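Structure record follows, encoded as structure tokens.
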Amino acid sequence: AQSVTQLGSHVSVSEGALVLLRCNYSSSVPPYLFWYVQYPNQGLQLLLKYTTGATLVKGINGFEAEFKKSETSFHLTKPSAHMSDAAEYFCAVSPTGNQFYFGTGTSLTVIP
Amino acid sequence: EAGVTQSPTHLIKTRGQQATLRCSPISGHTSVYWYQQALGLGLQFLLWYDEGEERNRGNFPPRFSGRQFPNYSSELNVNALELEDSALYLCASSLRQGFAEAFFGQGTRLTVV
């Protein structure tokens with residue numbers, strides 16, 4: 001069975017501080033992994049994805065994530081938080097390429 | 001290029017009524033996914049359609065149903081609406097092959113009163 005766990009439903013950081021959003025997955029096969037961002041009353045927008053190759057993936061808006069197979073993790077980071085980063089973030093896994101399983105989301109608050 | 005479009009953006013229905021939500025995928029995408037996003041519950045997978053066929057459905061009662069048309073657009077129907085069906089319903093589309101990412105629409109906010 002496939003599942004995604006996002007530790008921390010709410011994360012607060014100060015503007016300019018490091019952002020770290022945690023994602024762990026379980027999958028019966030090597031998965032494809034995604035991070036999406038959702039702004040209020042909008043759909044989800046892809047931040048980045050891991051398919052194959054380099055385990056450190058760079059996305060939009062300065063975000064990056066590292067696939068660690070041994071830890072079954074795909075944590076999202078950004079060196080310096082900006083006010084505009086305040087949003088809901090979802091980690092997703094796709095074991096087969098045809099089905100997407102989402103975590104419950106992490107709400108990021110950026111404190112000025 | 002147009003993204004995934006959903007209509008209507010807002011829908012208010014009375015308990016017991018039926019709701020129909022529509023989704024147009026990105027041109028060239030054959031897979032359409034429906035998700036329910038209720039407050040505090042994340043994204044719950046509803047249905048997956050590809051090439052006109054229902055490929056998988058989530059753990060929802062049969063009153064949640066849908067279909068995909070020959071042009072790959074899709075409808076989600078919810079019968080006998082209950083108050084707890086109030087949620088944001090998101091549609092996403094993707095290419096069938098290549099482990100492509102899903103692209104999401106803006107959603108339909110369904111309110112059941």
Side-chain angles (χ1 to χ4, degrees), chain A residues 1-10 21-25 27 29-53 57 59-60 63 65 67 74 87-108, chain B residues 2-10 21 23-26 29-51 53-59 68 87-111:
Chain A
Q2 283 64 236
S3 68
V4 177
T5 301
Q6 291 185 239
L7 291 175
S9 57
H10 294 86
L21 304 182
R22 299 179 185 275
C23 173
N24 289 87
Y25 69 90
S27 177
V29 297
Y32 285 18
L33 297 156
F34 307 83
W35 274 99
Y36 284 85
V37 61
Q38 185 181 32
Y39 298 101
N41 298 311
Q42 293 189 25
L44 276 67
Q45 178 185 3
L46 181 71
L47 273 177
L48 50 80
K49 68 176 180 180
Y50 169 78
T51 53
T52 59
V57 181
I60 62 172
F63 284 93
F67 170 56
F74 191 56
E88 189 88 15
Y89 291 80
F90 292 92
C91 180
V93 60
S94 179
T96 62
N98 307 123
Q99 189 92 28
F100 298 87
Y101 298 88
F102 285 84
T104 52
T106 297
S107 177
L108 177 65
Chain B
V4 177
T5 57
Q6 292 186 244
S7 63
T9 53
H10 293 83
L21 288 63
C23 173
S24 293
I26 291 173
H29 287 189
T30 61
S31 280
V32 171
Y33 308 85
W34 286 96
Y35 291 88
Q36 181 195 66
Q37 188 178 23
L39 196 62
L41 294 180
L43 274 74
Q44 304 295 313
F45 168 69
L46 271 165
L47 291 158
W48 167 36
Y49 292 95
D50 184 72
E51 298 283 357
E53 300 284 332
E54 182 181 301
R55 302 296 181 180
N56 201 3
R57 66 178 290 129
N59 189 26
Q68 186 178 34
L88 181 67
Y89 288 83
L90 292 167
C91 172
S93 74
S94 74
L95 293 168
R96 178 67 170 91
Q97 63 278 359
F99 296 91
E101 66 266 28
F103 292 82
F104 283 80
Q106 299 284 73
T108 293
R109 173 71 64 185
L110 173 63
T111 302

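All of these numbers come straight from a predicted model, not from anything done at the bench. In what follows, chains are A, B, ... by sequence order, proteins preceding strands, each numbered from 1.
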- Which atom of B:Tyr35 lies closest to which atom of A:Phe100, heavy atoms considered: OH-O, 3.0 Å

- Scored by heavy-atom pairs under 4.5 Å with chain A, the best of B:Gln37, B:Arg109, B:Arg55 is B:Gln37

- Query: Between CD of B:Glu101 and CG of A:Leu47, what distance do you get to the nearest 0.5 Å?
  - Reply: 11.5 Å

- Task: Would you sort out whether B:Phe104 and A:Phe34 count as a ring-ring contact (aromatic ring centres under 6.0 Å, His included), showing the intermediate values?
- Result: CA-CA 13 Å; B:Phe104 283 80; A:Phe34 307 83; over 10 Å; no

- Task: Name all residues meeting the side-chain contact (heavy atoms from CB on, under 4.5 Å) criterion together with A:Glu88; count only those two or more places apart in sequence or in a different chain, and write none if there are none.
- Result: A:Gln38, A:Phe90, A:Ser107

- Message: Need one label for A:Leu44: side chain, backbone, both or neither, based on atoms under 4.5 Å from any heavy atom in chain B.
- Response: both

- Query: Would you find more than 12 non-hydrogen atoms of other residues, nucleotides or ligands less than 6.0 Å from A:Ile60 atom CD1?
  - Reply: yes

- Neighbour count >12 (heavy atoms, 6.0 Å) for atom CZ, B:Arg57: yes

